[in-house]
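A quick write-up on the structure given underneath.
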Amino acid sequence: MPELPEVETTLQGIEPFVTNHQVSKINIRQARLRWVVPTKLPLMLEGLKFHKINRRGKYLLFENDFGHMIIHLGMSGSLRIVKADEPPGKHDHVDFCFSAGHILRFKDPRRFGCVLWQDKSQTVHPLLQNLGPEPLSDNFEGKHLFLASRKRSISIKPFIMDSKIVVGVGNIYANEALFLAKINPKISAGRVSLQRYERLVFAIKEVLKKAIIAGGTTLRDFKGSDGSPGYFKQKLNVYGRGGKKCISCRNTLREIRLSQRSTVYCNKCQR
DNA sequence: ATAATCACCTGCTCGC
DNA sequence: TGCGAGCAGGTGATTA
């Protein structure tokens, strides 16, 4: 499920049940995720409290006195708060039990996600060290994409999905943002004007912000809820609508593959 | 260095 | 009802 809005929604939903709660026990049922869950994880967490949860791109960083736990949800991961007596399902790989009696439960059918540990130190974790700016921050602006794209022949859609360029723009929202900005996903990143990049940046921020708000409305009952947060309910203009009519001009939306990812666009509106 | 492809997994849908 | 093919929200590693 997770694009950036879902990760942010997850953070906000679990935060009150995690921060400043003492971790009593870690149960790892399946350590073989994208990378093996480190053996020393329980040692670094049990008996301690997390001070805070931060987000960097789609990575969640759980901070405590010794360092931070890094969680990524991959393609199918989720984090939920459940009661202590709730039996785990087939894909519930890791439980973080709290003294207060609830559990933070990591579920991930496809196991593309990860649960890692980084000791407190000067060095940044390799997964985090080459990441581009946060899309919702002020220093993400049109000029950044314009400068980074000069002499690049890559299509603009995979370009904005590259985490070295900007983090957190996944397939759904890349499609949606390009539609809003009226930019054809196939065109070379290096041939897009500054003005058009400014429009694209505005569209990316807009799409992500709206999705977070939509997700936020569904996370009231995060504890014990069955998940399915917001974005499915959110109105998607192009993603998943290949062959249907463009909401703006009624032209038939095209569906192609770019970098192996499903890409939907209107060839009349998006030039 | 850059762009495209592969790989990691499970579950679901579709056509036969 | 069963079976194989193809696809899915991500992204690091490998190949040209």
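Throughout, protein chains are lettered first and strands after them, A, B, ... in sequence-line order, and every chain is numbered starting at 1.
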message: Both A/Arg110 and A/Ser163 contact DNA chain C. Taking the nearest nucleotide for each, which residue is further toward the 5' end?
response: A/Arg110

query: Taking the side chain of A/Lys58 as heavy atoms from C-beta outward, which of C/dG10, C/dG12, B/dG11 is closest to it?
result: C/dG10

A/Arg55 to A/Val7 - nearest heavy-atom pair and separation: CD-CG1, 3.8 Å

- request: Looking at every strand, decide which applies to A/Arg34 at a 4.0 Å heavy-atom threshold: base, sugar-phosphate, or nothing.
  value: base

query: Looking for any heavy atom pair under 4.0 Å, which part of the strands does A/Phe159 touch: base, sugar-phosphate only, or nothing?
result: nothing

field: Non-hydrogen atoms of A/Leu131 and A/Arg56 that approach each other most closely
entry: O-NH2, 3.3 Å

field: Quiz item: A/Arg152 side-chain donor-acceptor pair to B/dA3 base, under 3.5 Å
entry: no

query: Which pair of heavy atoms, one from A/Ile165 and one from A/Ala148, lies closest together, and at what distance?
result: CD1-CB, 4.2 Å

message: Base, sugar-phosphate or nothing for A/Arg257? Non-hydrogen atoms, less than 4.0 Å.
response: sugar-phosphate

task: Searching all strands shown, indicate the nucleotide that pairs with B/dC9 (Watson-Crick or G-U wobble; both distances under 3.5 Å).
output: none

message: Please give the distance between the P atoms of C/dG6 and B/dC6 as a whole number of Å.
response: 13 Å

query: So A/His93 and A/His91, would you call those rings parallel, tilted or perpendicular, with 30° and 60° as cut-offs?
result: perpendicular

- prompt: Is there ring stacking between A/Phe112 and B/dC8, where the centres must be under 5.5 angstrom apart and the planes under 30 degrees?
  reply: yes

task: Among B/dT5, B/dC9, C/dG10, find the nucleotide with the atom closest to the side chain of A/Met161.
output: C/dG10

- request: May I have the distance from A/Ile165 (atom CD1) to C/dT11 (atom P), rounded to whole angstrom?
  value: 14 Å

message: Please pick, from B/dG11, C/dG10, C/dA8, the nucleotide with the shortest atom-to-atom distance to any side-chain atom of A/Ser262.
response: C/dA8

Distance in angstrom units between A/Glu255 CD and C/dA8 P, rounded: 7 Å

- prompt: Got A/Met69 and A/Met44 here, is their nearest side-chain heavy-atom distance under 4.5 Å?
  reply: no

statement: Looking only at C/dG12, B/dC9, B/dG11, the nucleotide nearest the A/Tyr59 side chain is C/dG12

task: Measure from the side-chain heavy atoms of A/Lys90 and tell me the nearest of B/dT5, B/dG11, C/dC7.
output: B/dG11

task: Would you classify A/Leu33 as touching base, sugar-phosphate or nothing, given that sugar-phosphate means primed atoms plus P, OP1 and OP2, and contacts are heavy atoms under 4.0 Å?
output: nothing

message: Is there a side-chain contact between A/His91 and the phosphate of B/dT10, meaning an N or O under 4.0 Å from OP1 or OP2?
response: no

message: Suppose you measure atom P in B/dC9 against the same atom in C/dT14; what distance do you get, rounded to whole Å?
response: 15 Å

